[in-house]
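Numbering of ligands and ligand atoms starts at 1, following listing order.
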Amino acid sequence: MQFRTLGNSGLKVSVLSFGAWQLGDSAYWGSHAQDQGAETVRVALDQGITLFETAEIYGNGTSERLLGQALGPDRKRVILATKVLPQNCIPDRLRAACEASLKRLGTDYIDLYQIHWPFRQKPVLDVQGRSLEIEPNVMEACEILRTLQGEGKIRYVGLSNFGGEDLNDWFFQGTAESNQIGYNIVSRAVEYDVLPATRSHQLGVLAYMPLLQGLLAVPWKTVDDIPVARRRTRHFSSHRDGVRHGEQGFEGQLLETVTRLREFSEAIGVPMATMCLCWVLAQPGVTSAIIGAREPKQLLRNLQAGTLDLGPAAIAQLNEISGPLKLAMGRNADLWQGEQTSRIG
Ligand SMILES: NC(=O)c1ccc[n+]([C@@H]2O[C@H](COP(=O)([O-])OP(=O)(O)OC[C@H]3O[C@@H](n4cnc5c(N)ncnc54)[C@H](OP(=O)(O)O)[C@@H]3O)[C@@H](O)[C@H]2O)c1
C-alpha cells in the first residue's frame with residue numbers, strides 16, 4: 001500500500017481508503033451489505049488501509065456505530081473520518097452532532113471531521129415560502145469547529161462536495177485540510193473547476209465513488225441490469241425511477257465508454273476495477289480513493305490499485321477513451337442534480 005500526505009495536515013493516509021457507507025445503510029445497499037462488514041474492516045486493516053471514512057447520515061448513525069465496533073482498539077492506529085450534515089452546522093446543533101458521532105464511533109476524538117455538503121444549498125421552503133431550516137453560517141460553524149479542535153474532539157476539518165465558490169466562502173472564515181469529491185473515469189466534471197480550486201487551496205482530495213458505486217467493477221449490458229438506486233446519477237435518463245436531475249442523461253455514451261474501457265483493461269491485462277482506481281489515483285492532486293466494499297473478496301480484488309502504476313501512456317489512452325463523455329456531461333460536478341439545481345458551485 002502506498003501513502004500520501006493529506007493537504008497540509010501532515011497526516012499520511014493510504015491511497016485506498018475504506019468507505020463505510022455500505023456497513024450501515026441496508027436501505028440503500030441491501031441488508032446483505034452488513035453481513036461481512038466487520039470482517040471486511042478487519043481485512044482492510046490487515047492490508048494496510050489507514051483511512052476509514054463514514055458519515056452521521058449513513059444508516060442514521062448505524063455506519064458510525066458498526067465501524068467503531070469493528071475497529072475496536074485498532075481505532076488508535078487509524079485515521080478516522082466522519083461527516084456532519086450542513087443543517088447540523090448551526091450553533092445549537094454542531095457540538096451535539098459531533099459528540100453524538102464520537103459516542104457512536106466509540107472514540108474520544110475524530111481525526112477528520114468533514115462538512116458533508118456546502119452551506120449555500122437552497123433552503124427548504126414551506127408552502128408560504130418561508131425557510132424551514134435555520135441556515136448554517138460559515139463564520140459561526142468555523143468558530144465552533146475551532147473550539148472542538150481546542151478541546152481535542154476533532155483533529156482536522158475536512159470539506160465534502162465543495163466547489164470553487166464554496167471553498168472561497170469557507171476559507172474567508174476558516175481552514176480545512178481536504179475536500180471529498182465524486183470522481184471516477186466516467187464522471188470527470190470536477191476536472192473543470194472543482195479540482196483546480198481544491199488544489200489552489202492546497203487541500204487533499206478524497207475521491208468518492210471511484211467505481212461509480214460498482215458500475216465500473218461488474219459487467220452490465222443494459223441499464224435495466226443496474227440496481228435502481230445506482231442509476232440515478234446524471235449519466236441516466238430522467239425517465240428512470242428516482243432520477244431528479246431533469247436531463248436526458250448519457251446512457252448510450254456511458255455504455256459505449258464502459259465497453260471501450262473494458263476492452264482496454266483486457267488488452268493491458270489489468271482488471272477493470274483496478275484499472276479505474278489506478279486512473280483516479282493518477283490524477284493530479286488526488287490523495288486517496290475511498291472504496292466501498294461489501295465483502296473481503298471485493299476489497300482484496302481492488303487492493304492491487306494501492307501499488308500499481310499504469311504509466312503515462314495507459315493513462316493518456318484512458319483519458320482519450322473517457323474524453324467524449326466528459327465533454328458531453330459538461331461542468332456540473334453534482335452527480336445527481338441538474339445544472340439549475342446543482343449543489344456544487
Ligand atoms: N461525500 C459524499 O457525498 C459521498 C457520497 C458517496 C459516497 N461517499 C463515501 O465514499 C465511499 C465509497 O463510495 P462507493 O461506495 O460508491 O464506492 P465505489 O467503490 O464506487 O463502489 C462500491 C461498490 O462497488 C462494488 N464493488 C467494489 N469493488 C468491487 C469488485 N472488485 N467487484 C465487484 N463489485 C465491486 C460493490 O457493490 P455491491 O455492493 O453491489 O457488491 C461496492 O459496494 C462510501 O462508502 C462513502 O464513505 C461519500
Side-chain angles (χ1 to χ4, degrees), residues 16-26 28-37 40-41 43-44 49 51-59 62-64 66-67 80-86 112-118 121 158-163 166 178-187 190 194 205-220 225-233 235 262 265 270-281 288-306 333-337 343-344:
L16 296 177
S17 315
F18 184 91
W21 184 10
Q22 281 76 354
L23 225 62
D25 194 349
S26 49
Y28 194 94
W29 292 98
S31 53
H32 61 289
Q34 286 167 30
D35 296 348
Q36 298 183 60
T40 313
V41 169
V43 171
I49 289 181
L51 174 57
F52 290 77
E53 111 85 32
T54 178
E56 60 172 5
I57 186 73
Y58 296 160
T62 308
S63 168
E64 289 185 327
L66 294 180
L67 178 61
L80 191 51
T82 191
K83 302 191 282 298
V84 59
L85 289 169
L112 188 67
Y113 198 49
Q114 305 158 107
I115 313 298
H116 205 145
W117 285 90
Q121 294 175 52
L159 306 171
S160 169
N161 296 305
F162 275 52
D166 307 316
S178 57
N179 193 16
Q180 199 179 120
I181 56 176
Y183 192 22
N184 58 59
I185 194 164
V186 294
S187 314
V190 289
V194 180
V205 173
L206 302 177
Y208 72 75
M209 280 168 60
L211 298 175
L212 192 59
Q213 300 193 327
L215 304 195
L216 295 170
V218 282
W220 49 275
D225 297 339
I226 300 170
V228 174
R230 303 189 208 179
R231 45 168 141 111
R232 292 185 185 152
T233 54
H235 304 87
R262 197 163 280 286
S265 93
V270 177
M272 175 82 165
T274 308
M275 181 186 81
C276 292
L277 292 172
C278 288
W279 178 88
V280 172
L281 291 172
S288 183
I290 311 174
I291 53 173
R294 188 167 45 80
E295 52 186 9
K297 201 168 61 182
Q298 290 175 344
L299 190 70
L300 290 168
R301 268 198 229 132
N302 298 340
L303 276 177
Q304 194 194 358
D334 192 324
L335 284 167
W336 295 274
Q337 296 198 178
R343 295 161 294 173
I344 302 177

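For an aromatic pair to be called close, the ring centres must be under 6.0 Å apart, and Tyr58 with Trp29 fails this.
Ligand 1 lies within reach of Arg230, whose nearest heavy atom is under 4.0 Å from it. For Tyr58, the closest heavy-atom approach to ligand 1 falls below 4.0 Å.
Considering only heavy atoms from C-beta on, Ser17 stays 4.5 Å or farther from Ile291 through its side chain.
Partners of Tyr113 under the ring pair (Phe, Tyr, Trp, His ring centres under 6.0 Å) rule, at least two apart in sequence or in another chain, do not exist in this structure. For the side-chain contact (heavy atoms from CB on, under 4.5 Å) test, residues two or more places apart in sequence or in another chain that qualify with Gln337 are Arg244, Asp334, Thr341, Arg343.
Under 4.0 Å from ligand 1, the heavy atoms of Lys83 that appear belong solely to its side chain. Residue contacts with ligand 1 for Gln180 involve side-chain atoms from C-beta outward but no N, CA, C or O (heavy atoms, distance under 4.0 Å). The proximity of Pro210 to ligand 1, defined as any non-hydrogen pair under 4.0 Å, involves the side chain as well as the backbone. Looking at Gln213 against ligand 1, both its backbone and its side chain come within 4.0 Å, counting heavy atoms. Only the side chain of Asn302 comes within 4.0 Å of ligand 1, counting heavy atoms alone; its backbone N, CA, C and O stay farther away. At a 4.0 Å heavy-atom cut-off, ligand 1 touches Leu211 through backbone and side chain alike. Only side-chain heavy atoms of His116 come within less than 4.0 Å of ligand 1; its backbone N, CA, C and O stay farther off. Contacts between Leu299 and ligand 1, counted as non-hydrogen atom pairs separated by less than 4.0 Å, are absent for every part of the residue.
Of the polar atoms of Val218, none of the N or O atoms is found under 3.5 Å from an N or O of ligand 1, judged by distance alone. An N or O contact shorter than 3.5 Å is missing between Thr54 and ligand 1 by distance. Of the N or O atoms in Trp117, none lie within a sub-3.5 Å distance of an N or O in ligand 1.
Note on ring orientation: taking the six-membered ring where Trp is involved, the planes of Tyr28 and Trp21 are tilted (angle from 30° to 60°).
Every atom of ligand 1 is numbered from 1 in the order shown, and the set under 4.0 Å from a heavy atom of Ala217 is 29 (C), 30 (C), 32 (N), 33 (C), 34 (N), 35 (C). Those atoms of ligand 1 with a heavy atom of Trp29 less than 4.0 angstrom away are 15 (O), 39 (O), 43 (O). Close contacts between ligand 1 and Glu53 involve ligand atoms 9 (C), 46 (C), 47 (O) [criterion: under 4.0 Å to a heavy atom]. Of all atoms in ligand 1, numbered sequentially from 1 with element shown, those under 4.0 Å from a heavy atom of Ala20 are 45 (O), 47 (O). Every atom of ligand 1 is numbered from 1 in the order shown, and the set under 4.0 Å from a heavy atom of Gln22 is 15 (O), 22 (C), 23 (C), 42 (C), 43 (O), 45 (O). Per-residue contacts place Ser160 under 4.0 angstrom from the following atoms of ligand 1 (heavy atoms of the residue considered): 1 (N), 2 (C). Ligand 1 places these atoms under 4.0 Å from at least one heavy atom of Leu212: 20 (O).
Taking only non-hydrogen atoms, the option from Gly182, Gly214, Ala273 nearest to atom 21 (O) of ligand 1 is Gly214. Evaluated by nearest non-hydrogen atom to atom 12 (C) of ligand 1, the leading choice among Leu277, Ile290, Thr40, Leu159 is Ile290.
In this structure a side-chain-to-backbone donor-acceptor pair under 3.5 Å is present from Asn184 to Met209. Although no hydrogens or angles enter the test, the distance criterion places no donor-acceptor pair under 3.5 Å between the side chain of Trp336 and the main chain of Arg232. In this structure, the side chain of Gln114 engages the main chain of Thr82 through a donor-acceptor pair within 3.5 Å. Lys83 places a side-chain N or O within donor-acceptor distance of the main-chain N or O of Thr54, the cut-off being under 3.5 Å. Judged by distance alone, with hydrogens and angles left aside, the side-chain atoms of Asp166 form a donor-acceptor pair with the main-chain N or O of Gly163 at under 3.5 Å. Judged purely by atom type and a 3.5 angstrom limit, Thr40 uses its side chain to pair as donor or acceptor with the backbone of Gln36. Not a single donor-acceptor pair under 3.5 Å links the side chain of His116 to the backbone N or O of Glu56.
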